[in-house]
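See structure below.
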Amino acid sequence: MAQKPSIPKGTRDFSPQEMAKRNYIFDTIKQVYQLFGFSQIETPAMENLSTLMGKYGEEGDKLLFKILNSGDFLKKTNRDELAQVESSKISTKISEKGLRYDLTVPFARYVVQHRNDIQFPFKRYQIQSVWRADRPQKGRYREFFQCDADVIGSNSLMNEVELLQIIDRVFTALNIKVTIKINNRKILAGIADSIGHPERLIDITVAMDKIDKIGPEAVYTEMRAKGISDDAINMLEPFMNLQGNSTNQKLNCLREFVGDSAIGNQGMLEVEEILERLKTFKLNNEVELDLTLARGLSYYTGAIIEVVANDVKMGSICGGGRYDDLTGIFGLKDVSGVGISFGADRIYDVLNELDIFPKSSIKGTQVFIPNFGKEEEKEALKILEELRNNGIAAELFPSNAKMKKQMTYANHNNIPFVIMAGSTEIESGLLTLKNMETGEQASKSLNEIIEMIA
RNA sequence: GUGGUUGUAGCUCAGUUGGUUAGAGCACUGGAUUGUGGUUCCAGGGGUCGGGGGUUCAAAUCCCCUCAUCCACCCCA
């Protein structure tokens, strides 16, 4: 048993059937991205650690997979440091690269590096795997695919609106009912401002975010533990009970509250404009202003977006937001970007749980031809060629195995039609077509068969 | 990082208060059926019971350690 091979925790193999389903998701997303004028790029699986560190907050840094330097990496450390046994101190000496944690930061790096070749605003999409050293559980993997679309080099809120439309279209195409939650970091900053804790923005919002799960009292307790004063907590109370109110009610409450905070006001105006512009379009899913939506990634500065499936219990299946200064860290100032990311693996799990993968998404070989031997094979190859020329996916068994074995192969691979081309068929000129679902057989010419299946 | 769950055949799992040679279904191989799969019947191959240690005349079963796994929290896609 100890000899059994395995793969690292949180990673997965994908069987042919699973790949067909996954490709259906990727293709759907790709199609919508292209429809909105985004073009594709790819970046390496690994980045320099200096590119990745410090971009995702304290939690994020811990979850980075680091790659050990090649060669005798311990040479560069000195004995005193090693003796301290503090991995955080020596890790920078023995590891200079890491696996990418998301696609947004590598993209920001890409933009800075290729700024001379890019015509702004730059609309790119990217579908690649990312790695996080999290503990796996339901809907959470250590290696998973993100499908990102970002617009960089444009402040216009039209980008936010378009991204929301993309989200709506993708989930409509996939037949998943979702709630699109939006908020704005500037509103959260305004709230933190107004209660006199501008520096505790993240702590406050992360705690508020949990109100649905743990209730108001527990939220207050957590805030007190983080050093938020009772006065400030009291001021926050009206927000705790907004859940479920209409967007207008939320905005009204907010207007009173952050009216004298410049940044809060700005955020409110942005949200209002986005919602106003969205009215032009008929969306199939609800867009909800969720003032407790925070998102931990530290680079967001404006709009933030999160999508949850209505009918399945699962973490967010899509998220995103605006980041004003991500490229600034790499030396390109004043370039604002906004993007979204679909979690393909969670979407897969949702589709599976709801059992709504369309049958057409898992279509494989249409026609199977058993191999009857050297002589018959020649004829079969001609038929095969003709079928393929007509766009019909077809295959011939590579060797003259037993009929039972060959039929089992066709059955196992869900191939709907089998064409028998043995000596009797070759003599008569008519082929035997077997429908594997009904078991019926009929003599037909190749042309008739092609017409029927194509 | 914190808390819990479960480890028995390729897969899903039975296995009584510790007691002969550890079982079933599915899958696989062969046959009934040498040109017909999915249904049926017959036969067969497959296991250091996660690993190590302990208690006992005797351990899959009890105890300790360890590894793995899944789930929840945290965080997120």
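Numbers restart at 1 for each chain; the letters A, B, ... are given by sequence-line order, proteins then strands. Values below: all heavy atoms of this structure, side chains included; hydrogens, waters and symmetry mates excluded.
A sub-4.0 Å separation between OP1 or OP2 of rU69(B) and a side-chain N or O of Lys9(A) is present.
Stacking of Arg12(A) on the aromatic ring of Tyr141(A) is recorded, both the 6.0 Å distance cut-off and the 45° axial limit being met. For Arg346(A) and Phe144(A), the positive end is not near the middle of the six-membered ring at less than 6.0 Å and at most 45° from its axis. For the pair Lys55(A) and Tyr299(A), the cation-pi test (distance below 6.0 Å, angle within 45°) is failed.
rA60(B) and rG50(B) are spaced 10 Å apart, taking the P atom of each and rounding to whole Å. Straight-line distance between the C1' atoms of rC64(B) and rU56(B): roughly 16 Å, to the nearest whole Å. Separation of the P atoms belonging to rU69(B) and rC57(B) is 38 Å when rounded to the nearest angstrom. rG52(B) sits 40 Å from rU39(B) when the P atoms are compared, rounded to a whole Å. If you take atom C1' in rU16(B) and the same atom in rC11(B), they sit 26 Å apart, rounded to whole Å. Here the separation of rC49(B) from rC41(B), taken at their P atoms, is 33 Å to the nearest Å. The separation of rG23(B) from rA9(B), taken at their C1' atoms, amounts to 10 Å, rounded to a whole angstrom. rG54(B) and rG7(B) are spaced 24 Å apart, taking the P atom of each and rounding to whole Å.
Remark: rG44(B) base-pairs with rC28(B); criterion is Watson-Crick or G-U wobble with both hydrogen-bond distances under 3.5 Å. Nucleotide rU21(B) forms a pair with no other nucleotide shown, judged by Watson-Crick or G-U wobble geometry with both contacts under 3.5 Å. Of the nucleotides present, rG1(B) is the one that pairs with rC73(B) by Watson-Crick or G-U wobble criteria, both distances under 3.5 Å.
The residue Cys147(A) sits apart from the nucleic acid: no heavy atom pair falls under 4.0 Å. In this structure, Glu306(A) reaches neither bases nor backbone, as no heavy-atom distance under 4.0 Å exists between it and the strands shown. Heavy atoms of Gly60(A) sit nowhere under 4.0 angstrom from any nucleic acid atom. Among the protein residues, Phe145(A) comes within range of no part of the nucleic acid, since none of its heavy atoms lies under 4.0 Å from any strand.
With respect to Glu270(A), the side chain to side chain donor-acceptor pair (under 3.5 Å) criterion is satisfied by exactly one of Lys186(A), Arg185(A), Arg322(A): Lys186(A).
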Quiz item: Going 5' to 3' along nucleotides 29-35 of chain B, which nucleotides have protein heavy atoms under 4.0 Å from the base (write B), which only from the sugar-phosphate (write S), and which from neither (write -)?
Solution: --S---B
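If you measure from atom CZ of Phe397(A) to atom P of rG37(B), you get 14 Å, rounded to the nearest angstrom. Spacing between atom CD of Glu59(A) and atom C1' of rC73(B) amounts to 12 Å, rounded to whole angstrom units. The nearest whole Å value for the distance from the NZ atom in Lys138(A) to the C1' atom in rG4(B) is 18 Å. Straight-line distance from the CG atom of Asn435(A) to the C1' atom of rU36(B): 14 Å, rounded to whole Å. Distance Ile369(A) CD1 to rG37(B) P: 19 Å, rounded to the nearest Å. In this entry the distance linking CG of Asn413(A) with C1' of rG38(B) reads 13 Å, nearest Å. The nearest whole Å value for the distance from the NE2 atom in His412(A) to the P atom in rA27(B) is 10 Å. Between the C1' atom of rU36(B) and the CG atom of Asn371(A) lies a distance of 15 Å, rounded to the nearest Å.
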Quiz item: Can Lys382(A) and Glu379(A) be said to form a salt bridge (Lys or Arg N to Asp or Glu O under 4.0 Å), step by step?
Solution: CA-CA 5 Å; Lys382(A) 284 186 211 159; Glu379(A) 194 61 31; 3.7 Å; yes
Quiz item: Do Ser15(A) and Glu18(A) pass the side-chain hydrogen bond (donor to acceptor under 3.5 Å, both in side chains) test, and can you show the C-alpha distance, the side-chain angles, and the key distance before you say yes or no?
Solution: CA-CA 5 Å; Ser15(A) 67; Glu18(A) 287 166 332; 3.2 Å; yes
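Considering only the side chain of Arg140(A), rC73(B) comes nearest among rC71(B), rG37(B), rC73(B). Set against rC74(B), rU69(B), rG38(B), the side chain of Gln137(A) has rC74(B) as its closest nucleotide.
Ring geometry, Phe368(A) versus Phe397(A): the interplanar angle exceeds 60°, so the pair is classed perpendicular (tilted spans 30 to 60°).
The two residues Lys9(A) and Arg142(A) make their nearest non-hydrogen contact at O-CD, 3.1 Å.
At a cut-off of 3.5 angstrom, the base of rG38(B) holds no donor-acceptor pair with the side chain of Asn411(A). The base of rU69(B) lies outside donor-acceptor range of the side chain of Arg135(A), with no N or O pair under 3.5 Å.
Place Tyr409(A) and Val307(A) on RNA chain B by their nearest nucleotides, and Tyr409(A) ends up nearer the 5' end. Nucleotides of RNA chain B nearest to Arg142(A) and Thr438(A) differ in position, and the one nearer the 5' end is that of Thr438(A).
Residue Asn23(A) holds its CG atom at 13.0 Å from NZ of Lys21(A), rounded to the nearest 0.5 Å.
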